[in-house]
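Take a look at the structure set out below.
In what follows, chains carry the letters A, B, and so on, assigned in the order in which the sequence lines appear, proteins first and then strands, with residues in each chain numbered from 1.
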Amino acid sequence: MPELPDVEMTRRDLKRWVVGASVTAADTRDARLSRPASPRAFAHALTGRSVERVERRGKWLRLDLDDGGKVFSHLGMTGGWVRVAIGAPVARFERARIDAVLRGRAFSLRYVDARRFGRLLAVREDIADWTALGPDLLADGIDVGRFSDALAKGRRAVKEIVMDQRVVAGVGNILATEGLWIARIDPRSSGNALVPGDARAIARGLRRVMARELEDRKRCGDGHSERYFVYGRAGQLCPRCSTGLSSVVLGGRTTVFCHGCQVHRRPPSR
DNA sequence: CGGCATGTTGCGCA
DNA sequence: TTGCGCAACATGCC
């Protein structure tokens with residue numbers, strides 16, 4: 001489920017489902033997902049309230065309640081929200097439930113998350129995970145000047161910097177891998193070795209991939225896009241230059257790239 | 001059975 | 001204070 005396009009689709013669903021709705025009951029028992037808040041705070045904060053807005057920054061979602069309360073939701077690796085009939089049986093891997101009424105119609109939202117890498121907590125103030133996020137790839141776009149500075153400052157591999165949520169919020173492993181391939185930049189390149197024009201190319205690559213993914217999801221709903229250029233295709237041929245695709249681990253994440261057409265900017269010599 | 005997975009955190013150590 | 005490398009988290013799927 002993760003990656004910005006999935007979270008954005010979830011935001012649109014939630015917006016359609018709950019904005020203006022009054023919550024009649026809510027529950028979670030998962031202390032892990034609601035950390036550091038207590039699971040009880042969830043029911044307490046939501047019951048009797050109505051939802052005024054559904055916001056998203058990067059991969060985080062925030063429901064704004066009519067009393068100023070906020071519910072933060074991060075889908076982690078396997079989280080998702082589904083809408084079911086009121087009273088529907090507990091879904092497999094269901095971790096939280098929000099029963100609500102909108103225009104006289106009762107319904108239930110369920111948060112489902114097999115691996116429980118997500119988060120779901122009700123609080124009164126914005127959490128640091130939210131406020132620390134950099135500009136949102138979709139809503140704010142990338143300011144090439146600032147992006148370029150952030151890349152130049154980093155000694156890490158460019159892919160790790162691009163995935164840093166403080167630099168650009170919403171870029172995950174797929175977007176970063178695909179975006180760098182489009183930009184023709186080797187993901188191992190060190191940030192401070194990039195040359196003028198690279199930052200713009202990467203920004204454009206990320207925007208392209210995101211827009212494409214969003215369109216895919218609008219058309220097909222969920223399910224994994226099988227249309228990746230290189231992600232998950234190590235060993236296959238590069239769709240641009242037919243070189244065999246390579247794979248390395250950067251920042252603990254598998255990264256696929258093409259030796260043939262992605263230029264490796266090497267760090268300044270020591 | 002082993003290996004990998006769309007994300008993040010926390011810990012030991014430089 | 002910053003950053004790096006890595007194990008950990010919990011489960012599904014191939």
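Atom CG in A:Leu61 sits about 16 Å away from atom C1' in B:dT8, given to the nearest Å. Nucleotide B:dG7 holds its C1' atom 13 Å from the CG atom of A:Leu175, rounded to whole Å. In this structure, CE of A:Met163 is placed 10 Å from C1' of B:dT8, rounded to the nearest angstrom. Rounded to whole angstrom, the span from the CD atom of A:Glu160 across to the C1' atom of C:dC4 amounts to 9 Å. At whole-Å resolution of the value, CD in A:Gln165 and C1' in B:dG7 are 9 Å apart. Rounded to whole Å, the distance from CG on A:Leu250 to P on B:dG7 is 14 Å. Atoms CZ (A:Arg35) and C1' (B:dG7) sit 11 Å apart, rounded to a whole Å. Between A:Arg188 atom CZ and C:dC4 atom C1' there is a gap of 19 Å when expressed in whole angstrom units.
Two residues are said to be in side-chain contact when any heavy atoms from C-beta on lie closer than 4.5 Å; A:Leu102 and A:Phe107 meet this criterion. Within the 4.5 Å cutoff, side-chain heavy atoms of A:Val230 are placed close to those of A:Glu178.
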Short N/O separations, protein against nucleotides 12-14 of chain B, under 3.5 angstrom:
none

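Using cut-offs of 30° and 60° on the angle between ring planes, the pair A:Trp60 and A:His74 is perpendicular. The aromatic rings of A:Tyr231 and A:Tyr228 stand perpendicular to each other, their planes meeting at an angle above 60°, with 30° marking the opposite boundary.
Ion pair A:Asp67/A:Arg124 flagged as a salt bridge, since at least one NZ, NE, NH1 or NH2 atom sits closer than 4.0 Å to an Asp/Glu carboxylate oxygen. Ion pairing of A:Asp13 with A:Arg83 is absent here, as no side-chain N (NZ or NE/NH1/NH2) approaches a carboxylate O to less than 4.0 Å.
Comparing atom distances between the A:Lys59 side chain and each of B:dT8, C:dG3, B:dT9 picks out B:dT8 as nearest. The side chain of A:Thr254 approaches B:dA5 more closely than any other nucleotide in the set B:dA5, C:dG3, B:dT6.
C:dA10 is unpaired under the Watson-Crick or G-U wobble criterion, no partner having all donor-acceptor distances under 3.5 Å.
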Item checked: Nucleic acid footprint by protein, nucleotides 8-14 of chain C - heavy-atom cut-off 4.0 Å, B for base, S for sugar-phosphate alone -> -BBBS--
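Here A:Arg253 reaches the OP1 or OP2 of B:dT6: one of its side-chain N or O atoms lies under 4.0 Å away. Phosphate contact (OP1/OP2 of B:dT8, side-chain N/O of A:His74, threshold under 4.0 Å): present.
Residue contacts shown for A:Gly252 are absent, as no nucleic acid heavy atom lies under 4.0 Å away.
Between the side chains of A:Thr78 and A:Asp113, at least one donor-acceptor pair of N or O atoms lies under 3.5 Å. For the residue pair A:Thr131 and A:Asp126, no side-chain donor N or O sits within less than 3.5 Å of a side-chain acceptor on the partner. A side-chain N or O of A:Ser190 and one of A:Asn192 form a donor-acceptor pair less than 3.5 Å apart.
The C1' atoms of C:dC4 and B:dT6 are separated by 24 Å, rounded to the nearest whole Å.
Applying side-chain contact (heavy atoms from CB on, under 4.5 Å) to A:Phe42 and the options A:Val123, A:Asp27, A:Asp30, A:Val71 leaves one that passes, A:Val71.
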